[in-house]
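First comes the structure, then the notes that go with it.
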Amino acid sequence: CMTMESVVAILNKLWESTVNFMPNLVGAFILLAIGWVVGTIVGRITREILRRLKVDEYITRSRRPVFRVSDIFKVIVEWSIYLAFIQAAVGVLGIAALESFFEGILTFIPGLIKAIIVIIVGYAIANYVSNKIKESKISYSDILGNVLFFLIVYISVALALPSIGIDPFIVNAILLVILGTVGIGLAIAIGLGLKDVVAKAAKKYFRKL
């Protein structure tokens, strides 16, 4: 059985550990508060600069864009700063497991930013090419513009995936399935549409013979 002295000794050690840990905990909370303020301010400044440079208008010319580049980079900047301060706060607490976890996240962020930039640039190029083709009013311009838009976006996604450590094999396989399905459909449609033309040509050929 535990004696009264041993219980008191355990409580004293627990109290000493708590007292010694409190400055670290307070320091961690201060770092988190500073990180939240700095991240929020810098994120808003980043979004305002991009909007004044009219980056959103250059990349997405539609009235209702799918996304705004300024909003995306605002979130990226905010969370990059948040995570940096969270890692510093965890380091103050001295929790090695959490520190290595956030270090891994911060190592992942540069690749994520690179992938997002590649996709955004690809989307901008795809949108520009698609709009130019549709404005040209050539035959099947709408269909051709949509097909090229899809292909350019696909290429940008395939180029972006290795930056975040993902093999683009799955995306390539999906594209092959889509292209195969569309190709078979076009072949059947063309075959049915040219059925009468081929039959007439064959009759004329045999008549000449």
Side-chain angles (χ1 to χ4, degrees), residues 28-92 98-137 141-172 174-175 178:
F29 275 115
I30 292 174
L31 283 174
L32 291 176
I34 294 174
W36 180 77
V37 173
V38 173
T40 302
I41 294 174
V42 175
R44 290 178 179 177
I45 292 173
T46 302
R47 182 177 62 183
E48 187 64 25
I49 291 173
L50 292 176
R51 287 187 175 179
R52 292 195 177 188
L53 293 174
K54 297 182 178 180
V55 175
D56 295 326
E57 285 77 3
Y58 288 126
I59 293 178
T60 56
R61 297 182 179 274
S62 60
R63 294 182 179 179
R64 295 181 180 179
V66 178
F67 60 88
R68 292 185 180 274
V69 177
S70 58
D71 293 333
I72 292 176
F73 276 94
K74 172 183 176 292
V75 174
I76 291 175
V77 170
E78 282 181 348
W79 277 98
S80 297
I81 295 174
Y82 292 161
L83 290 173
F85 275 89
I86 290 173
Q87 185 186 17
V90 172
V92 170
L98 287 177
E99 190 173 357
S100 61
F101 172 74
F102 283 105
E103 184 178 354
I105 294 178
L106 289 175
T107 305
F108 175 76
I109 286 178
L112 178 62
I113 295 175
K114 180 181 176 182
I116 291 173
I117 292 174
V118 170
I119 293 175
I120 289 174
V121 172
Y123 179 85
I125 295 173
N127 195 38
Y128 177 81
V129 172
S130 176
N131 289 335
K132 287 297 180 182
I133 291 175
K134 291 178 180 179
E135 291 172 0
S136 65
K137 301 299 181 180
S141 59
D142 290 340
I143 297 175
L144 182 60
N146 291 331
V147 169
L148 286 177
F149 177 86
F150 169 77
L151 288 176
I152 295 173
V153 170
Y154 157 75
I155 292 172
S156 64
V157 172
L159 292 174
L161 289 179
S163 299
I164 54 177
I166 298 177
D167 189 351
F169 172 77
I170 298 177
V171 179
N172 293 333
I174 293 173
L175 178 67
I178 293 173

Report the distance from atom [atom1] of [X] to atom [atom2] of [Y], rounding to the nearest 0.5 Å.
| X | Y | atom1 | atom2 | result |
| --- | --- | --- | --- | --- |
| S163 | I116 | OG | CD1 | 10.5 Å |
| L148 | Y128 | CG | OH | 14.0 Å |
| T46 | D71 | OG1 | CG | 12.0 Å |
| I34 | I81 | CD1 | CD1 | 13.0 Å |
| L151 | S156 | CG | OG | 11.0 Å |
| I72 | I113 | CD1 | CD1 | 12.0 Å |

Less than 4.5 Å apart, any side-chain heavy atom of [X] and any of [Y]?
| X | Y | result |
| --- | --- | --- |
| R47 | R68 | no |
| E78 | L83 | no |
| F73 | I120 | yes |
| S80 | I76 | yes |
| W36 | F85 | no |

Identify the heavy atoms of [X] and [Y] that sit nearest to each other, and give their distance.
| X | Y | answer |
| --- | --- | --- |
| A158 | P162 | O-CD, 3.2 Å |
| I133 | G145 | CG2-N, 3.9 Å |
| R51 | S70 | NE-OG, 3.3 Å |
| A126 | V153 | CB-CG2, 3.8 Å |

May I ask you to say whether E48 pairs ionically with R52, meaning some side-chain N is under 4.0 Å from a carboxylate O? yes
Geometric class of the Y82/W79 ring pair [parallel <30°, tilted 30-60°, perpendicular >60°]: perpendicular
Closer than 3.5 angstrom, by distance alone: can the side chain of N131 be matched with the main-chain N or O of N127 as a donor-acceptor pair? yes
